[in-house]
Amino acid sequence: MLNYVIKRIAIAIPTLLILIVISFVLMHAAPGGPFNSEKPLPPQVLANIEAKYGLDQPLWKQMVNYVVGLVTEFDMGPSFKYKDRSVNEIIAQGFPITITYGVLSFIVAVTVGVSLGAIAAIRQNTWIDYLAVGISIGAQVLPNFVMAPLLVLTFTLWLGWLPGGGWNGGQWQYLIMPVIALSTSYMASIARITRSSMLEVLNTNYIRTATAKGLPAKTIFFRHALKPAMLPVISYLGPAFVGMITGSVVIDMYFSTGGMGQFFVNSALTRDYSVMMGITILIGLLTIMFNLVVDLLYAWIDPKIRY
Amino acid sequence: MLVDSQKVGDLAENLAKMDEVKGRSLWGDALRRFKQNKAAMVSLIILTLVILFSLTGQFLTPWSNEEIDWNIMGNVAEMGKPSFETGHYFGADDLGRDLYARVVQGSRISLMVGVVGALIAVIVGTLYGAVAGYVGGRTDQIMMRIVDILMSIPYMFVLILLLVVFGRSVVMLFVGIGLISWLDMSRIVRGQTLTIKNKEFVEAAQAMGVPGFKIIMKHIVPNLLGVVAVYATLLVPGMILTESFISFLGLGVQEPSTSWGALISEGAGTIQYGTPWQLWFPLAFFVVSLFCFFFIGDGLRDALDPKDR
């Protein structure tokens, strides 16, 4: 097990390095530096500013400096646009917000999706099954950027129940719509996957044996069927996590929740490369760590997997 | 026992007259099964209509997608409603541009991005996966490890970085979306190749000394087409979703060009001004088309998947 963990981490490090190199090279391939503005600066001033941010050094040296700063003190450098703030400060402001509604959406998607799929499988070919399948087919064409305006239209403009955006310290009224918008399509996918894998498991011989032994349905379901049926769901959790964290950009933009996504898009529009890069790398790091956890979980549940 | 010579004669005659027995090919079977799938057939018809609409819809309206109707500008909520009298079949957007023309144009871009993105993914992914699977050994391991590494990169962020750095254009969208979308395809293709490469016909080709690349192109890739076709139809909606996502953020196609994502974004931003049609029409096209693609993909999978026979 320990070997496996070490091996996985050994793969994670080059992945992160590749991500850093890609973003770094992209950033410097850009025509026009970050300080090109409408009013051109005098060359001397420009040179001074570039020297201050270390942009006059050769590319490889900048990259080494960046990686060293990142590893030793998790320093992502200064923002190119906001003179008084570092990338770390910007991330520190947005990250807790993103994580709050992100984790909530993740929990909602998994719990609702799994329950819906499991109920549909147990009551196969009843109205409950058809309802669940209908919901999950419908919801897969309702990605976050479609759900968000529909929710605002319904709950803010027509019914007037919920505020149309903002964060307000994470009060529950402000959380409902972001969480629903972000989780719906993943909830649908999880429900579909759960239903089909649960059906497969329920048709196996050992479940029939358990039924023949006269075990109560509850025991069969929780003790025998649930765990193997969860395997495909667990392997979907990685992509779902990436999708949700990507989707948070839309949520932040549309609901003005003030999370990282808002900073990302703003920095994309103003070409604030260091902020873009910092957020990309942080999200890459999160993704890699999450995938590691998912793989370990998978290995723990599935005894067939050898490290 | 006496044989009825009359009957035997008839039989011989019948046999002689009978045309060559029509064989049932794999693709013929698949087509038959696909035709029986009502949801997939209806989806195919609707999708064809959407494609026709995106190609020819422009001829039915006097307005273009960038022209501003000065008569209604400033009072779009009242005068820009969808109506046949003003010629704005889907109404006008908040700037007074004809929404019908914009939806036509947006559909064209969205469908194009979907198809081209899927095409790039299919070509690159198939070749990459087939080579990795066929060559095997260390090459395979390295190639698949690269795919693993690329897969754990949050591609949407890299794609946005790419678009910002190299300028936003439709071509850049194609390249960017194509670059990231072949990964899944290459994995699926590699898995299939591994099973195909041990079949007798590949061995026969090897024994005759056919060079490796030719075996991949002539013997392995044609046998992958079924799987590839299914995943390609499921890729198209994925590509459309990606493009719409980026356009929704305002980082995709640039004005005056538009796409479903950009139109939904505009509609979503203006609902409080009393122009709901600006959201409904693009949204309807988006949702219906995606539904169709998913149903067709499912139908194709059922038709081509030998497991379900």
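Note that these values count all heavy atoms, side chains included, but never hydrogens, waters or copies made by symmetry. We name chains A, B, ... by the order of the sequence lines, and we start the count at 1 in each one.
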Out of A:T280, A:I283, A:I279, which one racks up the most heavy-atom pairs below 4.5 Å with chain B? A:I283
What orientation do A:F145 and B:F248 show, parallel under 30°, tilted 30 to 60°, or perpendicular over 60°? tilted
Taking A:A181's backbone N and O only, do any of them form a donor-acceptor pair with A:N144's side chain (distance below 3.5 Å, no angle check)? no
Tell me, out of A:I288, A:V250, A:V265, who's got the most heavy-atom pairs with chain B below 4.5 Å. A:V250
Side chain, backbone, both or neither: which part of A:I245 has a non-hydrogen atom closer than 4.5 Å to chain B? both
Side-chain donor-acceptor pair under 3.5 Å between B:S259 and B:E243, yes or no? yes
Donor on one side chain, acceptor on other, A:T98 and A:S248, under 3.5 Å: no
If I measure from the heavy atoms of chain A, does B:D184 come under 4.5 Å with its side chain, its backbone, both, or neither? neither
Heavy-atom distance under 4.5 Å to chain A: side chain of B:S265, backbone, both or neither? neither
To check you understand the geometry: which heavy-atom pair defines the closest contact between B:I240 and B:L111, and what is its length? CD1-CD2, 4.4 Å
Tell me, please, which residues at least two apart from B:R102 pass salt bridge (Lys or Arg N to Asp or Glu O under 4.0 Å). B:D93, B:E255, B:E266
With only heavy atoms counted, which part of B:L241 is less than 4.5 Å from chain A, the side chain, the backbone, both or neither? both
For chain B, find which of A:T287, A:I18, A:L19 contributes the most heavy-atom pairs closer than 4.5 angstrom. A:L19
Considering only heavy atoms, which portion of B:F291 lies under 4.5 Å from any heavy atom of chain A: side chain, backbone, both, or neither? both
At a heavy-atom separation under 4.5 Å, does B:I160 approach chain A through its side chain, its backbone, both, or neither? both
Results of salt bridge (Lys or Arg N to Asp or Glu O under 4.0 Å) for B:R108 - residues two or more places apart only: none
Is it true that a side-chain atom of A:Y186 and a backbone atom of A:G243 form a donor plus acceptor pair closer than 3.5 Å? yes
Less than 4.5 Å to any heavy atom of chain B: does that hold for the side chain of A:F290, its backbone, both, or neither? neither
Under 4.5 Å from a heavy atom of chain A, the part of B:W280 involved: side chain
Under 4.5 Å from any heavy atom of chain B - which part of A:L286: neither
Whatever's closer than 4.5 Å to a heavy atom in chain A on B:L279 counts as side chain
Against chain A, label B:F293 side chain, backbone, both or neither, depending on which of its atoms sit under 4.5 Å from a heavy atom there. neither
Have B:T270 and B:Q278 got a donor and an acceptor in their side chains that come within less than 3.5 Å? yes
